[in-house]
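Each chain gets a letter, A, B and so on, in the order the sequences are listed, and its residues count up from 1. The basis for the numbers below is simple: all heavy atoms, side chains too, and nothing from hydrogens, waters or symmetry mates.
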Amino acid sequence: MDYTPSNIEQKWRDYWKKEGIYKVSNDSDKPKYYVLDMFPYPSGAGLHVGHPLGYIASDIYARYKRLTGFNVLHPMGFDAFGLPAEEYALQTGIHPATSTETNMERYREQLGALGFSFDWDREVYTCDPKYYKWTQWIFTELFKHYYDQTEKKALPITKLAERFAQEGNKKVKAANSYKGKFTADEWNAMTKVEQADVLMEYRLAYRKIGYVNWCEELGTVLANDQVKDGVSERGGYPVVQKAMKQWYLRITAYADRLLYDLDEIDWSDSLKTIQSNWIGRSEGASIFFEVDGSDKKIEIFTTRPDTIFGATYMVLAPEHDLVAKLTTDEQKQAVADYISYVKSKSEVDRMAEKEVTGEFIGAYAINPFTNTKIPIWIGEYVLKDYGTGAIMAVPSDDERDQRFATKFGLEIIDVVDKSKYPGATLHDKAGVIKNSGFLDGMEVPDAITAACQKAEEMGVGEMHINYKLRDANFGRQRYWGEPFPVIYDQDGLAHVLEVEDLPLVLPDTEDFKPAKGGRSPLARLEDWTNLPNGMTRETDVMPAVAGSSWYFLRYMDPHNDEAFASQKAVNYWQDVDLYVGGSEHAVAHLMYARFWHKFLYDQGLVPTNEPFKKLVNQGMIQGVIENIFLDKNSSEDARRFVSADMVSEEEMDNYVKIYTHIDFVSDYGKPDSHLTAEGLKKFLDWRKIYQKATFESKDGVFKNGEVTLNEGATEFRFMTFSEVGKMSKSRYNVINPDEVIGRYGTDCFRMYEMFLGPIEQSKPWDTNGIDGVSKFLNRYWSLFFDNQGNWSVSDAAPSKDELKILHTAIKKVTDDIQRFSFNTCVSAFMVCSKDLKKWRCNKKAILKELTVLLAPFAPHVTEEIWHRLGEEGSVHHTTYPTFNESYLKEDSIEYPVSINGKKRGLAEFPSDASRDTIMEAAKELAVVKKWSVDQGKQIRKVIVVPGRMINVVVG
RNA sequence: GCCGAAGUGGCGGAAUUGGUAGACGCGCUGGAUUCAAAAUCCAGUUCUCGCAAGGGAGUGCGGGUUCGAUUCCCGCCUUCGGUACCA
C-alpha cells in the first residue's frame, strides 16, 4: 500500500479536533512548559511559506515536551488591531471588523492545515472587547502609578500625592518630566488643576505636548520604530515632526531594569545588543552653564566632562525652549530664518545631507571652569530629543564640533594629548589632559571623575546617566484600535474609567477613514464623544503594540471576566519558556512587552520579572525576485526593455528594475531565469501599460508579439535578473504553502521547511530538495509493508544492530531538538530509515519507538501508523522513547591514525583498550612505520585520545 | 562610521568541548528494472596528478598558538542584519 498523504492527513486532523487532544488544562500534576509563537497580523494576503517556519519549529518543540511529560501551553491568536489591518480595510473599503474576521478565518484554516498542536479554545485576538477590556485596564493601572527610583518599582500615584502634601517633591526620586521643585506648603497651595498637572508629569501613562512623527498620508502619529529612513514603515509616506498633545508611556522609568535584566534571559547576543543599543545608556555629567546677562541656565549632558576646558562654544537644538528667550535682537531675523530653513527640510533631506549648518543667537554663556564667555549657537546636529537638547562644544576632540567650528571660525583649544594612544578615538576615552588647569596631566578616566567631583563641589553639575530610549508615544489618530478609557472633565482633567466600566467598546461606525490634520476619526462621533455635564471622551486610540504587550498572559486564562488572568493560572504558568518569532520585533514589541510585564510584576500580578525566558528568532524564508530591465530613456509609448545579460554593472544607472511575476519565469522559462516569447506575452498582458514595449535580448528582438531572431540564434530567450528578498505582494515573489501541501502533504512540508537549514538563518525558498524528504517519508512508510504492499510487522525480538540504529537516532534527534537544530534531526531520520531498510527491519519493537520519535515532526503519518500498529489513543499522548547508551557500545573502535596531524590510515582497537596499550601498539602499525622508520625518521611522540584518534609525531 | 552575525563542494547545508572536513539532501554520472518513460533501487561524486596503488592541495585572505585548527588568537577582505550627527 502506498503512502498517500491526502488519504490520511485530514482524517487525523478531524480526529484530533473531535477528541480535543491538544486541549490544555490549568490543573495538572505535570510540570508546566509554555511554548509561544508571535501571533500574526491577519493580513488579507494570507500565509506564505515563510510564516510557518517558526510555527513548525515551536510545534515540534511543544510536541516533544508533551511526550516527555510536560503540561504544555501552546496557544495561537491574532494581533488584529492596528495599522496593517486598518490599511487593508481602507484599501478594500470593507469595515475593519469584517475584513479582520474574514482574514482570521482564513488564517485559522491555513494554520489548521499545517497540523499544529494549538489549543484553539485559548485563542485570543486583540480586537475582541473581552480581551481589550484588560488592555484598557492595564493602561488605567499605568495611569494610576508612578515609578519610584528609590524603591525601583511602580507605586500608586495617590501615595505620591500624599508625600507631596507632607514634604514637597525635593526629596522624591521618581521618574518624571516635571522640571521644578516645590515644598509641601507650595503643593498644598496649588489648585486642584495645578496639582493634577504636576501629577500627570509623574504618571507612567501620561499626556503631554511633544514633537511627534506625524504622517499626514496615514493621518496619524507614528512611534519612532514605525519610521524608517524618514518615511513610514508602512506605505513609505513622508513623516514630519509636529507638536501635538499625546498620550505617552513612561518606559524610560524602566530603562535600567530593561537593560540589566537582559543578563537574566536566554536570548541571542545580537538581539540583546539591539535592545541594549536602543536603550542606549551612557554615563556622564549634566552641567549647567550660566548665560551672560541673563538668569537663565543651559543644562547640557556630556560623557566627557574632562574636556570642559576645551568647550569654546555651545550649541542648542533649534527647537530648544531657550532659543526664543536668549536670542538677541540683532540676531532675531537670522535665527528665525535658520529655524524656518530647518523646518522646511523633511526628515529624509535632513538625513541625506551631512553639511554643517547653524546660526549664532547673539548670546554668550559662561564656561563654569574657565569663566570665559563662549558664544551660543543653534545647529541641527544637536538633537532636541537626546540628552538636554544642548551641548558644550569641544571642537578639539569631537569630530562634529570640529567641523562646525572650522566652518564658522570658532576657537579650538586642544585639551587631550593622545600621542600615547595612537589611533584612539573619542569613544576610547584615552589620553592625557592638557591646557586644562587642575586636570592637566591626568589620564582621561581619572579626569572625568575629577571634573564631575569639581562640578558637584561648585554646584554646577553632577554625575548623570542618560538614555537614548524615549518615552513611548501611545496615541494614534486612527479608528482601528483600543479606545482610551479616559474621560476629560470640565477643567480638562483626565480621569480613567474603573474596571467595572470596562471594556469601553470601540463604537461601530462606517465612517472610519482617517481624518486629516491631526483629528481622530472617533472625534466625528459626537454622540459617543460628548458626555453629560460637559465631559468628553478621549478620541485617540492605542497603537497595535498595546494589545501585543501582554497577550501571552491572557492565554493562561483566556476566558476570565474578573481579571486579565487569575492569580492561580498566572502562578501555575509563570512565564513563557520558549518564544519563537521574527527579529523584526526586536525592539518595539519585545521592549514594550518586557516593560508591561515588569510593571505588572511590581504590582505583584505576575510572578516573574521577565516574560520570555528563552527566545529564538527564526530566519526569514525569502522569495526569489525576478526583474526585467527598463531603459530609463525610453519614452512612455515606446518602452524598451533589455535582457539582463546586456546590462553591465556600470550601465545599471540607466535602467530601472521592474518586478516580474515569479510564475512567468517558472512556467515560461528555464532554471537559469530566462523568459520565452510566450512568457513575455503573458507579461505584456499582465502589465497593460507596456503593450507597446520592445524587448531586446542577445537572441533578437521581441516587438508587437513578433520575434525577430539574430543570425545564429535558434530561439528567443530574454534573461531576467533574479535576486533574493523578503516575500511580499508588491514584488510578486510570494509562494503559498497550499500548493506545496497539496502535492506533498503537510508532514512533508513541515519536515522540508525544517530541513532547509538552521532555524535562525534566512534562506530563499526553493523546492529543489523536497523530493528527498518525500522519499524519506515513503521509505519510513514502506518499513511497515512487504514487497507486495501488505502490512507486515513482526513481533520478533530486535537484533543488536537494529537496536543500535534506533538508539543512535533517539540520541541524535533528542539532542538536536534540545538545541533547536531541526535540520539535523531530519537528516538523522533519513539515516535511520535507510539503515533499517538495509536490515529489512520490520520489528514492531523498533518501528513503534521510531514512530513516536518522528511524531513531533510528522504528526499525521505517525498517527496513522500508530493506529495501524493497534495502539490505543493518540501517538501524541504516549511516552517518548528512552535512550539506552548500552546499545551503542561497540566491541572495537576504528581509530584514525594521523602522522603529524595528517590522516594516513585506520587501525582497529578493542573499545576497552587502555591508552597505553594503544600508544604502544600504534608504534608498530604499518602506516606508522611507513612514515617514520621507512623514511629514516624517528617517532617523537604518540598522542592517543581514547575513543577518538591517534596522532603520531615523527621527525 | 559604529554594533552584531556569518563566509565550508555545482547547490542547501553537517562537523555539539581543539580530535577522521564535506553527514544528510538536491543536482550530476554510471548501472539495475522497463518495449519505453516516469517512479523506484544500487554505485560513484571537494579539487588535482595517476590506469591503479598512492600522492598533493583544501573550510574568504595573510599570519600565529598547538602533536593536531572549520573551531582559539592577531590583522585584513566580503556578505547580511541593526543603527546612525546619541554629545
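Evaluation of the side-chain hydrogen bond (donor to acceptor under 3.5 Å, both in side chains) rule for A:S282 yields A:Y386 as partners, not counting sequence neighbours. Scored by the side chain to side chain contact (heavy atoms under 4.5 Å, CB included) test, A:D835 finds A:I805, A:V831, A:K838 as partners (sequence neighbours excluded). Taking the side chain to side chain contact (heavy atoms under 4.5 Å, CB included) definition, one finds that A:N617 meets it with A:S268, A:L271, A:S583, A:L615, sequence neighbours left out. For A:S892, the side chain to side chain contact (heavy atoms under 4.5 Å, CB included) partners two or more places apart in sequence, or in a different chain, are A:E908. Checked against side chain to side chain contact (heavy atoms under 4.5 Å, CB included), A:S914 has the following partners two or more places apart in sequence or in another chain: A:D916, A:T917.
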Any N/O pairs under 3.5 Å between the protein and nucleotides 15-20 of chain B? List them or say none.
residue	atom	partner	partner atom	Å
B:rA15	OP1	A:R819	NH2	2.8
B:rU16	O4	A:K812	NZ	2.9
B:rU20	O2	A:K903	NZ	3.2

Below 3.5 Å is the cut-off: list the nitrogen or oxygen pairs between protein and nucleotides 53-56 of chain B, distance only.
residue	atom	partner	partner atom	Å
B:rG54	O3'	A:K930	NZ	3.4
B:rG55	OP1	A:K930	NZ	3.0
B:rG56	OP1	A:R904	NH2	3.4
B:rG56	OP2	A:R904	NH1	2.9

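Distance A:E380 CD to B:rA84 P: 16 Å, rounded to the nearest Å. Rounded to whole angstrom, the span from the CD1 atom of A:I274 across to the P atom of B:rC80 amounts to 16 Å. Going from atom CG of A:N617 over to atom P of B:rG4 covers 17 Å, rounded to whole Å. For the pair A:I759 CD1 and B:rA14 P, the interatomic distance rounds to 12 Å; values are reported in whole Å. Atom CG in A:L836 sits about 17 Å away from atom C1' in B:rC41, given to the nearest Å. For A:N277 and B:rA84, the CG to C1' distance is 11 Å, given to the nearest whole Å. Atoms CG (A:N900) and C1' (B:rG68) sit 10 Å apart, rounded to a whole Å. We find that CG of A:N787 is positioned 14 Å from C1' of B:rU33, with the value rounded to whole Å.
Here the two rings, on A:F404 and A:Y313, have centers that are under 6.0 Å apart. Taking the centre of each ring, A:F857 and A:F829 come in below the 6.0 Å mark.
Remark: the backbone N or O of A:I413 is paired with a side-chain donor or acceptor of A:S396 at under 3.5 angstrom.
Comparing the C1' positions of B:rU46 and B:rG1 gives an interatomic distance of 39 Å, to the nearest angstrom. Only the P atoms considered, B:rU71 is 24 Å distant from B:rC24, to the nearest whole Å. Nucleotides B:rU78 and B:rG18 are separated by 30 Å at their P atoms, to the nearest Å. Taking atom P on both B:rC67 and B:rG60, the two are 24 Å apart, rounded to the nearest angstrom. Nucleotides B:rA53 and B:rA5 place their P atoms 45 Å apart, quoted to the nearest Å. Taking atom C1' in both B:rU70 and B:rG7, one finds a spacing of 11 Å when rounded to whole Å. Taking atom C1' in both B:rA69 and B:rG64, the straight-line distance is 11 Å, to the nearest Å. Here, B:rC35 and B:rU20 have their C1' atoms 48 Å apart, quoted to the whole Å.
The nearest heavy atom of RNA chain B to A:V952 and to A:V831 marks one nucleotide each, and the one closer to the 5' end goes with A:V831. Nearest-nucleotide positions on RNA chain B for A:A828 and A:I391 put A:A828 closer to the 5' end.
Using the Watson-Crick or G-U wobble rule with both distances under 3.5 Å, B:rC86 pairs with nothing in any strand shown. A 3.5 Å limit on both hydrogen-bonding distances identifies B:rG27 as the Watson-Crick or G-U partner of B:rU45. Applying the Watson-Crick and G-U wobble criteria (two distances, each under 3.5 Å), B:rG50 pairs with nothing in any strand. The partner of B:rA36, taking Watson-Crick or G-U wobble pairs whose two distances both stay under 3.5 Å, does not exist in any strand shown. The partner of B:rG81 is B:rC3, judged by Watson-Crick or G-U wobble contacts that both fall below 3.5 Å. Across every strand in view, B:rG9 sits unpaired, with no contact that passes the Watson-Crick or G-U test at under 3.5 angstrom. Remark: B:rU65 base-pairs with no nucleotide in the shown strands. Criterion, Watson-Crick or G-U wobble with two distances under 3.5 Å. Using N1 to N3 plus N6-O4 or O6-N4 for Watson-Crick, or N1-O2 and O6-N3 for G-U wobble, each under 3.5 Å, B:rG18 pairs with nothing.
Glycosidic torsion of B:rG9 falls within 90° of 0, placing the base in syn.
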Would you tabulate the side-chain donor-acceptor contacts of residues 895-904 of chain A under 3.5 Å, counting partners in other chains and residues two or more places apart, or write 'none'?
residue	atom	partner	partner atom	Å
A:Y895	OH	A:G947	N	2.7
A:N900	OD1	A:V954	N	2.9
A:N900	ND2	A:V954	O	3.4

Check residues 781-788 of chain A and write down every donor-acceptor pair under 3.5 Å in which the side-chain atom is one partner and the other belongs to a residue at least two apart or another chain.
residue	atom	partner	partner atom	Å
A:W781	NE1	A:M1	O	2.9
A:S782	OG	A:R779	O	2.8
A:S782	OG	A:K837	NZ	2.8
A:D786	OD1	A:Q788	N	2.9
A:D786	OD1	A:G789	N	3.0
A:D786	OD1	A:N790	N	2.8

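For residues 805-819 of chain A, the salt bridge (Lys or Arg N to Asp or Glu O under 4.0 Å) pairs, not counting sequence neighbours, are A:K811-A:D815, A:K812-A:D816, A:D816-A:R819. Among pairs with a residue in residues 750-770 of chain A, those fulfilling salt bridge (Lys or Arg N to Asp or Glu O under 4.0 Å) read A:D59-A:R750, at least two apart in sequence or across chains.
By the 4.0 Å N-to-carboxylate-O rule, A:R281 lies close enough to A:E283 to be salt-bridged with it.
Pairing each heavy atom of A:G431 with each of A:V416, the nearest pair is CA-CG1, 3.9 Å.
Across all strands, A:K775 comes closer than 4.0 Å only to sugar-phosphate atoms, never to a base (heavy-atom distances).
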Nucleic acid footprint by protein, nucleotides 5-13 of chain B - heavy-atom cut-off 4.0 Å, B for base, S for sugar-phosphate alone
-------BS
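Candidate nucleotides B:rC24, B:rC67, B:rC85 were compared by shortest atom distance to the side chain of A:M830, and B:rC24 ranks first.
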